[in-house]
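Values below: every heavy atom of this structure, side chains too, minus hydrogens, waters and symmetry copies. All residue numbers in this chain count up from 1 along the given sequence.
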Amino acid sequence: MSKKQRKYIFVVGGVLSGVGKGITSASLALILKSTGLKVTVLKIDPYINVDAGTMNPIEHGEVFVTDDGDETDQDIGNYERFLNTDLGAINYMTTGRVYSSVINNERSMKYGGKCVEVVPHIPEEVIKRVRFAADHYDADVTIIEVGGTVGEYQNILFLEAVRIMKFSNPSSVATVLVSYLPVPEHLGEMKTKPTQQAARLLYSAGISMDMIIARGHAHLDQPRCNKLAIATGVHPNYIFSAPDVKSIYELPLVLDEQGVVPKLLKLLKLRLYPSKLDAWKSFVKRIKNSKKTARIAVIGKYFSTGNYTLSDSYISVIEAVRHAAWYYNAQTVLTWLDSEVYEKNPNALQDLKNYDGIIVPGGFGTRGIEGIIQAISFARKNKIPYLGLCYGMQLAVVEFCRNELGLEGAHTKEINKKTKHPVIDINPYQSKNVNAGRYGGTMRLGAYQCELKKGSLTAKAYGALQISERHRHRYEFNNKYREQIETCGMSIVGVNTESNLVEIIEISDHPFFVGTQFHPEFKSRPLNPHPLFREFIKKALVLR
Ligand code: GLN
């Protein structure tokens with residue numbers, strides 16, 4: 001461990017959940033990193049689940065998978081995208097993880113016979129994990145986003161950890177309250193009272209905040225800033241605005257223009273170097289100047305629950321499509337299509353001709369599956385660019401086997417355990433896990449190597465023959481059908497050579513029909529769009 005003094009910024013939320021702490025933390029990290037500092041970001045989630053893998057994405061949002069196979073919160077995805085770096089399990093902490101460690105330590109006599117108590121042992125474990133991650137990355141500054149909102153029971157022990165760290169070393173810890181300032185329609189005026197109360201709640205947890213970032217429809221004006229300063233004890237120079245922005249990628253620039261980071265560095269007694277956000281600035285400019293549109297249909301189940309939840313469940317897919325579209329100066333118009341419609345009315349498939357490209361993203365379970373298979377068939381036959389992600393690849397194989405190989409009733413064993421043609425089968429290890437009820441953290445998870453077939457569209461898109469991509473699934477392509485499938489025109493163009501598992505299929509007699517067993521969306525970055533998404537969008541824009 002190096003001797004340098006590590007600094008910590010805790011970001012806590014006031015008034016509402018979903019206020020934008022994740023994007024704010026990612027933005028602060030990006031600006032700090034651009035000044036030359038080594039920065040990492042951690043997320044604390046207050047629920048008891050050990051990871052996000054066992055949670056319904058409709059309720060919780062996307063399960064973001066890291067290279068080391070952790071099933072984390074979607075905010076880890078935001079951090080990776082903003083920082084353009086790979087993070088891992090040590091960047092993510094839940095109440096479940098913290099308690100498990102403490103209980104395991106107790107069982108192995110690590111507390112030397114002491115009475116193990118919620119306080120201090122839980123906050124101490126939290127602090128240990130924060131410091132461990134900071135050391136691992138040799139970070140000058142570690143930003144820790146505390147999930148939830150101040151005043152909830154759930155995060156009180158995490159706030160206790162913040163209090164202890166700040167008390168032990170005040171000049172090494174800064175606290176930022178990201179709070180929401182509503183503008184009630186009937187008043188037409190931005191109200192500060194909820195944030196004043198959030199500040200009080202934070203004080204009641206023994207924590208004074210060093211900075212407030214005021215989320216709201218617009219910039220905070222001076223009178224309200226002063227009011228907030230008096231009520232919270234935070235100097236007006238340390239109160240900043242995070243107004244709504246069209247694209248989340250604008251936020252680092254909005255914060256940078258206000259001089260947020262110099263103030264943070266001053267608080268932490270770090271030397272100030274200027275931020276260098278030129279590449280980011282031209283990227284944001286490109287977003288604003290993107291005039292073309294790529295009309296992309298995303299087909300699946302669950303889509304009747306409203307846009308809000310959806311965009312959270314598939315956030316990495318959405319961002320990956322956007323990154324690729326901006327690369328070609330295009331905005332994306334994403335339409336969510338409920339596949340059950342095609343089961344009831346196959347004529348509705350004709351509407352798919354109105355889209356430049358079709359995506360079937362990852363998923364689980366039976367609902368809407370036949371409709372998805374029909375839509376894939378339509379995309380294949382009508383030569384509409386198609387990108388199948390995980391389930392989207394498996395179902396493309398099912399469709400092809402049924403309709404081109406004539407394997408009636410071909411299916412994935414996930415849906416039909418008794419199918420005569422299990423073209424997608426369960427991996428034997430996974431079968432054991434499922435039978436034993438071991439669901440948490442047991443899928444095929446994280447980064448695996450994949451070898452690409454020379455000359456394939458995929459290999460050309462990647463510009464490489466060896467790649468590494470992230471997985472999250474239990475079922476696999478059944479190698480028994482490999483030869484038959486290839487004879488009929490679906491090519492296996494990506495294989496994990498260690499396990500001989502099929503990772504990518506494509507159809508050569510088609511402008512773009514690619515299915516991946518992995519999730520490429522997790523590795524797309526704003527300044528470095530994923531090659532498969534890029535190629536997909538390129539074809540979508542050319543063929544329209
Ligand atoms: N349900 C499929 C499996 O478990 C696909 C998973 C996914 O799309 N992430 O293999």
Side-chain angles (χ1 to χ4, degrees), residues 295-303 317 334-416 419-425 457-458 475-478 481-482 484-493 502 504-517 532 535-536 539-540 543-544:
R295 297 161 304 177
I296 305 300
V298 186
I299 302 178
K301 59 171 184 172
Y302 289 151
F303 290 177
V317 176
L334 274 182
T335 310
W336 304 87
L337 298 176
D338 188 342
S339 59
E340 281 176 305
V341 170
Y342 308 126
E343 294 172 6
K344 289 174 205 139
N345 173 20
N347 285 337
L349 286 165
Q350 294 301 327
D351 294 345
L352 291 176
K353 286 196 172 146
N354 298 326
Y355 297 95
D356 305 320
I358 293 175
I359 293 180
V360 172
F364 297 83
T366 316
R367 219 176 94 193
I369 289 306
E370 289 304 320
I372 296 181
I373 293 172
Q374 287 182 49
I376 296 174
S377 198
F378 192 87
R380 182 171 65 77
K381 291 176 188 154
N382 290 280
K383 306 228 186 293
I384 304 171
Y386 174 77
L387 183 58
L389 310 169
C390 202
Y391 217 10
M393 172 267 199
Q394 298 177 350
L395 297 175
V397 171
V398 169
E399 188 280 323
F400 194 78
C401 289
R402 284 186 190 177
N403 299 327
E404 291 300 312
L405 276 63
L407 302 178
E408 209 180 309
H411 224 319
T412 158
K413 272 221 186 146
E414 178 171 357
I415 309 291
N416 182 357
T419 172
K420 260 207 311 203
H421 305 292
V423 292
I424 303 292
D425 202 354
L457 191 151
T458 302
Y475 293 81
E476 306 282 352
F477 181 96
N478 187 343
Y481 294 90
R482 199 162 157 169
Q484 226 179 325
I485 276 178
E486 292 219 87
T487 320
C488 290
M490 179 178 266
S491 317
I492 308 300
V493 298
V502 168
I504 313 174
I505 55 100
E506 69 181 44
I507 292 178
S508 34
D509 181 27
H510 192 289
F512 187 97
F513 191 103
V514 176
T516 62
Q517 185 53 84
L532 284 180
E535 196 59 27
F536 167 67
K539 292 283 161 54
L543 293 169
R544 53 188 300 168

Return the minimal non-hydrogen interatomic distance between [X] and [Y], and the atom names on each side.
X: K353; Y: N382; result: CE-OD1, 3.6 Å
X: I358; Y: A379; result: CD1-CB, 3.9 Å
X: A297; Y: L337; result: CB-CD1, 3.7 Å
X: A410; Y: V398; result: O-CG1, 3.4 Å
X: A348; Y: V341; result: CB-CG1, 3.9 Å
X: Y355; Y: I384; result: O-CG2, 4.0 Å

Nearest-0.5 Å distance that lies between atom [atom1] in [X] and atom [atom2] in [Y]:
X: K381; Y: F513; atom1: NZ; atom2: CZ; answer: 11.0 Å
X: R367; Y: D338; atom1: CZ; atom2: CG; answer: 6.5 Å
X: I299; Y: F378; atom1: CD1; atom2: CZ; answer: 10.0 Å
X: Y342; Y: L352; atom1: OH; atom2: CG; answer: 4.0 Å
X: S377; Y: F400; atom1: OG; atom2: CZ; answer: 10.5 Å
X: L334; Y: I296; atom1: CG; atom2: CD1; answer: 7.0 Å

Test your reading of the model: is there a side-chain donor-acceptor pair from [X] to the backbone of [Y], 3.5 Å cut-off?
X: K383; Y: D509; result: yes
X: K301; Y: F364; result: yes
X: S339; Y: G368; result: yes
X: N478; Y: Y481; result: no
X: Y386; Y: G392; result: yes

Test item: side-chain donor near acceptor, Q394 and Q517, under 3.5 Å: yes
Tell me, do [X] and [Y] make a side-chain contact under 4.5 Å, heavy atoms counted?
X: T335; Y: R295; result: no
X: S491; Y: I505; result: no
X: I492; Y: I504; result: no
X: V502; Y: R482; result: yes
X: I485; Y: C401; result: yes
X: E535; Y: L457; result: yes
X: E408; Y: K420; result: no
X: P385; Y: L543; result: yes

Can you check side chain to side chain contact (heavy atoms under 4.5 Å, CB included) on H411 and V423, steps first, answer last? CA-CA 6 Å; H411 224 319; V423 292; over 6 Å; no
Please say which of M490, H421, Q484 ends up in a side-chain contact (heavy atoms from CB on, under 4.5 Å) with L405.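 Filter result, single survivor: Q484.
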Check the pair Y391, E414 against side chain to side chain contact (heavy atoms under 4.5 Å, CB included), reporting the backbone distance first and the verdict last. CA-CA 10 Å; Y391 217 10; E414 178 171 357; 3.6 Å; yes
Decide yes or no on salt bridge (Lys or Arg N to Asp or Glu O under 4.0 Å) for E370 and R402, but give the supporting numbers first. CA-CA 12 Å; E370 289 304 320; R402 284 186 190 177; 2.8 Å; yes
Show, in sequence, the C-alpha distance, side-chain angles and deciding distance for V514 and F536, and conclude whether the side chain to side chain contact (heavy atoms under 4.5 Å, CB included) test is met. CA-CA 9 Å; V514 176; F536 167 67; over 6 Å; no
Would E399 and N403 satisfy side chain to side chain contact (heavy atoms under 4.5 Å, CB included), going step by step from the backbone distance to the final call? CA-CA 6 Å; E399 188 280 323; N403 299 327; 2.7 Å; yes
Salt bridge (Lys or Arg N to Asp or Glu O under 4.0 Å) between E340 and K344: does it pass, once the steps are laid out? CA-CA 7 Å; E340 281 176 305; K344 289 174 205 139; 5.3 Å; no
